[in-house]
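Here the structure comes first, spelled out in structure tokens, and everything after it is commentary.
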Amino acid sequence: MLTLNKDLIIFCENMNNKERIITKITSLLYRKNYINNKKDFVKKVIEREKAGSTYIGNNVAIPHGESKSVKTNCLVILKSRLPINWDGYVVHVIALFSIHPNINQIEKENYKRYIQAIGDENFVNKLKNTNDKEKIVMLFEND
């Protein structure tokens, strides 16, 4: 299962720099033992960002990193009431996927399901309108 739990949900109002946000999320992943190499993971996510914007509309960005430093595939949600500049777009929700290159088929399906949910305007509105971490986890589990 692609992990999402309340420990992987961040409410942040004081960051507006994409690289700092990616570094903050990576530090959380490292502290919680989801990855074993912060520098490598940040590098992979930044490389992916340079390949093309991960802004998907509805004030949502989905940065992601595929790295052998990933110990547990997971999703981190960062929400901000204040706007975040993401490649010139206004973002309030960042859904960062942390993926090992050898992801299994079940996790691939969950990954696709989460991407579809995040791309749905009604789902995103529900996500934006709650600040309860358990409700956010339930949104993803029930979609």
Side-chain angles (χ1 to χ4, degrees), residues 1-49 51-84 86-87 89-143:
M1 178 90 168
L2 186 70
T3 301
L4 171 64
N5 62 49
K6 64 184 183 177
D7 292 339
L8 297 175
I9 298 170
I10 304 167
F11 300 112
C12 181
E13 301 294 335
N14 60 349
M15 286 193 169
N16 192 22
N17 176 286
K18 180 166 59 170
E19 288 190 19
R20 283 184 51 214
I21 290 169
I22 290 167
T23 301
K24 178 180 180 72
I25 293 172
T26 300
S27 291
L28 171 71
L29 290 170
Y30 184 77
R31 275 193 325 274
K32 297 291 183 178
N33 207 28
Y34 287 93
I35 63 172
N36 60 24
N37 186 320
K38 290 191 290 187
K39 186 176 179 181
D40 177 67
F41 189 74
V42 167
K43 178 182 171 195
K44 296 292 185 182
V45 175
I46 299 296
E47 283 175 2
R48 171 55 192 89
E49 286 296 314
S53 180
T54 55
Y55 176 77
I56 62 167
N58 292 327
N59 305 114
V60 178
I62 55 166
H64 46 286
E66 185 176 294
S67 168
K68 290 181 180 178
S69 68
V70 173
K71 295 167 72 175
T72 303
N73 297 318
C74 64
L75 168 62
V76 177
I77 300 294
L78 182 141
K79 286 185 54 183
S80 177
R81 189 177 43 78
L82 300 175
I84 297 168
W86 201 269
D87 301 326
Y89 298 99
V90 173
V91 168
H92 290 279
V93 177
I94 295 169
L96 187 141
F97 290 90
S98 171
I99 306 292
H100 191 279
N102 295 332
I103 187 171
N104 69 44
Q105 191 59 39
I106 293 170
E107 290 174 312
K108 281 183 188 177
E109 293 303 318
N110 283 336
Y111 175 73
K112 289 177 189 175
R113 188 173 61 85
Y114 287 171
I115 293 286
Q116 288 175 335
I118 294 166
D120 179 78
E121 186 175 357
N122 291 329
F123 182 88
V124 171
N125 285 335
K126 290 177 189 174
L127 185 58
K128 286 179 189 176
N129 290 323
T130 185
N131 288 322
D132 182 314
K133 291 182 177 187
E134 290 180 12
K135 286 183 181 178
I136 291 171
V137 171
M138 288 178 59
L139 270 174
F140 280 92
E141 288 177 355
N142 295 327
D143 187 69

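The first residue of the sequence shown is numbered 1, and numbering continues consecutively from there. Everything numeric in this text was worked out from a predicted model, so none of it was measured.
Among residues at least two apart or in separate chains, ring pair (Phe, Tyr, Trp, His ring centres under 6.0 Å) pairs with a member in residues 51-70 are Tyr55-Tyr89. Applying the side chain to side chain donor-acceptor pair (under 3.5 Å) rule to pairs touching residues 17-28 yields Lys18-Glu49, Lys18-Asp87, sequence neighbours excluded.
Tyr34 is linked by a ring pair (Phe, Tyr, Trp, His ring centres under 6.0 Å) to nothing, counting only residues two or more places apart in sequence or in another chain. In terms of the side-chain hydrogen bond (donor to acceptor under 3.5 Å, both in side chains) criterion, residue partners of Glu134 (sequence neighbours excluded) are, by chain and number, Lys6. Scored by the side chain to side chain contact (heavy atoms under 4.5 Å, CB included) test, Val124 finds Asn58, Val60, Lys128 as partners (sequence neighbours excluded). In this view, Glu121 satisfies the side-chain hydrogen bond (donor to acceptor under 3.5 Å, both in side chains) rule with no residue, not counting sequence neighbours. The side-chain hydrogen bond (donor to acceptor under 3.5 Å, both in side chains) check on Asn33 picks up Lys71, with sequence neighbours excluded. For Ser80, there are no side-chain hydrogen bond (donor to acceptor under 3.5 Å, both in side chains) partners two or more places apart in sequence or in a different chain. Residues satisfying the ring pair (Phe, Tyr, Trp, His ring centres under 6.0 Å) criterion with Tyr30, sequence neighbours excluded, are absent altogether. For Lys135, the side chain to side chain contact (heavy atoms under 4.5 Å, CB included) test picks out Thr130, Asp132, with sequence neighbours left out. Remark: Lys112 pairs with Glu109 by the side chain to side chain contact (heavy atoms under 4.5 Å, CB included) rule, at least two apart or across chains. Considering only residues two or more places apart in sequence or on other chains, Asp7 meets the side chain to side chain contact (heavy atoms under 4.5 Å, CB included) condition with Asn5, Lys32.
A 6.0 Å sphere centred on NZ of Lys43 holds no more than 12 heavy atoms belonging to other residues, nucleotides or ligands.
Looking at Tyr111 and Leu75, their side chains never come closer than 4.5 Å, going by heavy atoms from C-beta outward. In this structure, Ile136 and Leu127 have side chains that are in contact, with non-hydrogen atoms separated by less than 4.5 Å. Under the 4.5 Å side-chain criterion, counting only non-hydrogen atoms from C-beta, His92 is not in contact with Arg81. By the 4.5 Å heavy-atom criterion applied to side chains, Ile25 and Val45 are not counted as neighbours. For the pair Ser98/Val76, no side-chain contact is recorded, criterion being any heavy-atom separation below 4.5 Å from C-beta on. Two residues are said to be in side-chain contact when any heavy atoms from C-beta on lie closer than 4.5 Å; Ile46 and Ile22 meet this criterion. Counting only heavy atoms from C-beta outward, the side chains of Ile77 and Phe140 approach each other to under 4.5 Å.
Summarising the geometry, atom CD1 belonging to Ile21 is positioned 6.5 Å from atom SG belonging to Cys12; distances are rounded to the nearest 0.5 Å. Interatomic distance, Leu29 CG to Leu8 CG, rounded to the nearest 0.5 Å: 6.5 Å. Note that CD1 of Ile99 is 7.5 Å distant from CD of Glu66, once rounded to the nearest 0.5 Å.
Of all heavy-atom pairs spanning Ser69 and Asp40, the tightest one is OG-OD2, 3.3 Å. Here the shortest heavy-atom pairing between Asn73 and Ile103 reads ND2-CG1, 3.6 Å. Contact between Glu107 and Asn104 at its shortest, heavy atoms only, is N-OD1, 2.8 Å. Val91 and Trp86 make their closest contact through CG2-CB, 3.3 Å (heavy atoms, listed as atom of the first residue, atom of the second, distance).
Not one N or O on the side chain of Lys44 forms a donor-acceptor pair closer than 3.5 Å with the backbone of Ser67.
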